[in-house]
K.L.:
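Quick one: the structure is below, and I'll ask about it shortly.
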Amino acid sequence: MRGVGGLIRLWKWRLDERRRVVVDLEILRAGIERQMIGLDEELERERKVATTNYAASFGFTNYRRMNRERHANLEVAREEVIDRIAAAQEEVNAAFREQKKYELVLENWEKRERAKQEKREQDEMDEAGLQGFRRRQDQDAKRTD
């Protein structure tokens, strides 16, 4: 069963790798969301400047359009990352199931080996007890003769 131990280590490593991918994607998603919040905050600042400064108000409509386009692009990117996260999470789940399968195989094998060992020990104890009983019977038979 040495090979199963190696398979368990392999699948633990694969599971860790897949979990790292999920974490990296989550970090990417969080970064995109921070950028989206930053764009919203920047738009609000520019809106305030445009309302107080007449010259700045002329360029505000173009700025707002570009800001919305960037925001929409980030929204698309975020949705793509969310889809990738879902796929990566499914890979994590599959790797976990595979690792668990090998762990159960090893656990069942170890249980069988322990049961075999316990049976051998019990058989040895039974044999020792039987030999002791036979010796006492032989000794009792010799005394009565």
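All values below were derived from every heavy atom in this structure, side-chain atoms included, with hydrogens, water molecules and symmetry-related copies excluded.
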K.L.:
To which residues is F133 joined in a hydrophobic cluster, defined by side-chain heavy-atom contacts under 4.5 Å among Ile, Leu, Val, Met, Phe, Trp and Tyr, whether direct or through other members?
P.N.:
none

K.L.:
Give a yes or no on whether R70 atom CZ has more than 12 heavy-atom contacts from other residues, nucleotides or ligands under 6.0 Å away.
P.N.:
no

K.L.:
How about R84: does its CZ atom have over 12 heavy atoms from other parts shown lying under 6.0 Å from it?
P.N.:
no

K.L.:
With rounding to the nearest 0.5 Å, note down the distance linking OH in Y63 to CD in E42.
P.N.:
3.0 Å

K.L.:
Should the pair E107-R114 be classified as a salt bridge under the 4.0 Å nitrogen-to-oxygen rule?
P.N.:
no

K.L.:
Counting neighbours of CZ on F60 that are heavy atoms of other residues, nucleotides or ligands and sit closer than 6.0 Å, is the number greater than 12?
P.N.:
yes

K.L.:
Could you check whether any side-chain heavy atom of V76 comes within less than 4.5 Å of a side-chain heavy atom of E79, counting everything from C-beta outward?
P.N.:
no

K.L.:
Where is the tightest heavy-atom contact between Y102 and V4, given as atom of each residue plus distance?
P.N.:
O-CG1, 3.5 Å

K.L.:
How many angstroms lie between atom NE2 of H71 and atom CD of E75, to the nearest 0.5 angstrom?
P.N.:
6.5 Å

K.L.:
When clusters are formed from ILVMFWY side-chain contacts under 4.5 Å, directly or step by step, what else is grouped with L39?
P.N.:
V21, L25, L28, I32, M36, L74, V81, I85

K.L.:
Looking only at heavy atoms, what is the nearest atom pair of S57 and A50, with distance?
P.N.:
CB-O, 3.4 Å

K.L.:
Begin from the C-alpha positions of E44 and R47 and carry the test salt bridge (charged side-chain N to carboxylate O under 4.0 Å, His left out) through to its verdict.
P.N.:
CA-CA 5 Å; E44 191 57 37; R47 179 174 291 144; 3.3 Å; yes

K.L.:
Give the minimum heavy-atom separation between E103 and I8, together with the two atoms involved.
P.N.:
CA-CD1, 3.8 Å

K.L.:
Are any of the side-chain nitrogens in E17 or R14 under 4.0 Å away from the carboxylate oxygens of its partner?
P.N.:
no

K.L.:
Nearest 0.5 Å please: distance from the CD atom of Q131 over to the CG atom of D138.
P.N.:
11.5 Å

K.L.:
Looking at D16 and K12, is there a salt bridge between them, counting it only when a charged N and a carboxylate O are closer than 4.0 Å?
P.N.:
no

K.L.:
Taking atom CZ of R29 and atom CZ of R34, what is their separation to the nearest 0.5 Å?
P.N.:
10.0 Å

K.L.:
Does W13 belong to the same Ile/Leu/Val/Met/Phe/Trp/Tyr cluster as F96, with side-chain heavy atoms less than 4.5 Å apart forming each link?
P.N.:
no

K.L.:
Once you round to the nearest 0.5 Å, how far does CD of E127 lie from CZ of R120?
P.N.:
15.5 Å

K.L.:
What I want to check is whether the side chains of E69 and N73 have a donor and an acceptor closer together than 3.5 Å.
P.N.:
no

K.L.:
Rounded to the nearest 0.5 Å, what separation is found between the CD atom of E118 and the NZ atom of K111?
P.N.:
12.0 Å

K.L.:
Do R64 and T61 have side chains that get closer than 4.5 Å, going by heavy atoms?
P.N.:
yes

K.L.:
Whether the N62 and R65 side chains hold a donor-acceptor pair (N or O, under 3.5 Å, no angle test) is what I'd like checked.
P.N.:
yes

